[in-house]
Amino acid sequence: MTNLFSAIDHVHMAHALRLAERGLFTTQPNPRVGCVIARDDQILGSGWHVRAGGPHAEVFALNEAGARARGATAYVTLEPCAHFGRTPPCADALVAAGVARVVIAHGDPFADVDGRGIVALRGAGIRVESGLLSTAARELNRGFFSRVERGRPWVRIKLAMSLDGRTALANGVSKWITGEAARADVQRWRARSSAILTGIGTVLADDPGLTLRPPDAVAFPDIDPIAPLRVILDRNLRTPANAQVLDGMAPTLVIHARDVQPIDQRFDRVELAPVEIRGDNLDLDPVLALLGQRGVNEIQVEAGPRLCGALFGAGLVDEVLLYIAPVLLGDAARPLMALPVLDDMAARWKLGTFDQRMCGQDWRLLLRPLEH
């Protein structure tokens with residue numbers, strides 16, 4: 001389909017994708033979408049979806065273009081919606097504005113859209129072409145596509161380790177393996193996530209807050225990130241009453257075994273949800289399905305080796321965000337993940353490097369399993 005598109009088409013869609021990325025921390029559970037209205041190389045209007053419940057990208061771009069949109073081309077990173085939700089259909093707005101052509105990067109798999117936007121546009125006599133920079137558009141919204149197509153969030157495990165593959169000293173102390181630049185980078189990954197998940201072991205050992213630092217401390221200029229949902233896997237409801245995750249400072253969901261009930265008021269400021277048990281632990285598949293039903297697109301796991309290993313071993317991890325510090329902790333220190341013992345190198349877990357860069361003196365790798 002690439003031959004349908006000119007160099008100018010590529011330039012405008014790349015611009016629309018950059019605009020869409022500006023909603024990285026604020027649109028969930030909605031996708032990140034950008035739009036450019038142009039005639040040849042002249043941009044007439046542009047916009048992006050800022051926050052769920054607010055105007056969509058097309059509306060901002062059309063408002064800026066005004067009457068000049070008639071006969072122009074609209075470049076949209078995701079198929080325009082054709083249904084009434086919290087906002088009117090964007091396909092109708094494009095038709096009313098009189099655009100002559102719409103170029104779409106990727107279709108929208110959401111049931112109320114899924115091709116209906118394209119049908120509505122073509123039914124109005126508008127020329128519609130799709131597939132331009134579709135891989136980049138899908139990558140930007142990998143969590144949204146995961147939730148809609150698979151019924152579960154995109155699962156990212158965040159880990160920090162020494163050069164010898166250790167995440168904490170033998171006594172459990174882990175602050176700090178990495179430097180300040182890496183820790184600030186983690187905040188940006190938290191901010192793009194719909195939820196941060198950990199287990200009761202980490203709560204008892206580290207008492208994490210699992211909240212975002214103030215925006216000005218994490219270089220979020222002019223952005224008010226949505227606070228991610230804190231998700232605690234606590235089979236027997238052992239979270240202490242004074243734990244930070246029960247402080248009411250951020251929305252919190254504690255997932256527990258179905259046959260366990262709270263015995264006091266410590267959980268009054270958070271939400272409880274029961275799931276089934278598989279073996280000795282919470283069944284991770286219904287945990288992720290529950291989060292998908294709640295509109296969680298991307299989830300960042302910040303947990304110990306047991307929970308991370310269980311998710312990875314079950315084939316539920318989509319990517320690993322790994323920070324490597326140029327330090328050594330020794331072979332008595334704690335390992336990266338608790339995985340089953342392998343007897344054959346052919347059975348080893350393989351990962352591909354999707355991105356790599358420096359964060360201060362530390363390395364950051366974004367890895368994705370090659371085989372589940």
Side-chain angles (χ1 to χ4, degrees), residues 1-21 23 27 29-40 43-49 52 54-65 68-151 297:
M1 299 185 69
T2 305
N3 58 357
L4 288 173
F5 306 112
S6 67
I8 289 177
D9 290 335
H10 279 81
V11 168
H12 290 319
M13 186 61 79
H15 183 190
L17 284 165
R18 290 192 298 272
L19 291 170
E21 194 171 5
T27 65
N30 288 1
R32 298 128 183 170
V33 182
C35 178
V36 170
I37 309 293
R39 182 175 286 105
D40 298 323
I43 295 176
L44 308 174
S46 62
W48 69 94
H49 183 43
H56 289 186
E58 297 93 325
V59 173
F60 285 114
L62 288 171
N63 285 344
E64 186 175 303
R68 296 176 299 166
R70 184 163 300 277
T73 296
Y75 298 87
V76 192
T77 60
L78 197 68
E79 178 183 357
C81 61
H83 67 293
F84 282 89
R86 285 188 278 182
T87 58
C90 291
D92 289 357
L94 290 166
V95 170
V99 300
R101 177 177 175 240
V102 176
V103 179
I104 300 168
H106 202 295
D108 187 336
F110 185 61
D112 288 338
V113 184
D114 198 12
R116 291 177 173 83
I118 293 174
V119 168
L121 293 169
R122 286 177 174 161
I126 296 174
R127 178 182 166 194
V128 180
E129 297 161 1
S130 63
L132 176 60
L133 301 182
S134 61
T135 299
R138 186 178 182 90
E139 180 64 29
L140 181 62
N141 285 301
R142 52 189 180 268
F144 173 77
F145 281 98
S146 175
R147 177 172 64 83
V148 174
E149 296 174 347
R150 302 189 297 179
N297 290 338

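Below, all heavy atoms of this structure are taken into account, side chains as well, without hydrogens, waters or symmetry copies.
To the nearest 0.5 Å, the span separating CG on Leu132 from OG1 on Thr135 amounts to 10.5 Å. Interatomic distance, Leu78 CG to Leu17 CG, rounded to the nearest 0.5 Å: 10.5 Å. The CZ atom of Arg127 sits 7.5 Å away from atom OG1 of Thr73, with the distance rounded to the nearest 0.5 Å.
What you find for Gly107 and Pro109 is that their closest heavy atoms are O-CD, 3.6 Å. Counting all heavy atoms, side chain and backbone alike, Gly47 lies closest to Ala57 at O-CB, 3.7 Å. The two residues Arg32 and Gly23 make their nearest non-hydrogen contact at CG-O, 3.5 Å. Among all heavy-atom pairs drawn from Cys90 and Glu58, the shortest one is SG-OE1, 3.5 Å. The minimum heavy-atom distance between Ala16 and Cys35, with the atom names listed, is CB-N, 4.2 Å. When all heavy atoms are compared, the tightest approach of Glu79 to Ile104 is N-CG2, 3.5 Å.
Legend: residues meeting side-chain hydrogen bond (donor to acceptor under 3.5 Å, both in side chains) with Ser46, ordered by chain and number and at least two apart, are absent. Looking at residues two or more places apart in sequence or on another chain, you find a side-chain hydrogen bond (donor to acceptor under 3.5 Å, both in side chains) between His49 and Asn30. Take Glu21 and apply the salt bridge (Lys or Arg N to Asp or Glu O under 4.0 Å) test, not counting sequence neighbours, and it matches no residue. Every residue meeting the side chain to side chain contact (heavy atoms under 4.5 Å, CB included) condition with Ala14, not counting sequence neighbours, appears here in chain and number order: Arg18, Leu133. Shown here are the salt bridge (Lys or Arg N to Asp or Glu O under 4.0 Å) partners of Arg101, two or more places apart in sequence or in another chain: Asp9, Glu129. Residues meeting the side chain to side chain contact (heavy atoms under 4.5 Å, CB included) test with Ala72, sequence neighbours left out: Ile37, Arg39, Leu44. When the side chain to side chain contact (heavy atoms under 4.5 Å, CB included) test is applied to Ala38, the partners found at least two apart in sequence or on another chain are His12, Val36, Tyr75. Every residue meeting the side-chain hydrogen bond (donor to acceptor under 3.5 Å, both in side chains) condition with Asn297, not counting sequence neighbours, appears here in chain and number order: Arg147.
For residues 113-150, the pairs satisfying ring-ring contact (aromatic ring centres under 6.0 Å, His included) are His106-Phe145, with sequence neighbours left out.
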One pair to check against side-chain contact (heavy atoms from CB on, under 4.5 Å): Leu140 and Thr77. What are the steps and the verdict?
CA-CA 10 Å; Leu140 181 62; Thr77 60; 5.7 Å; no
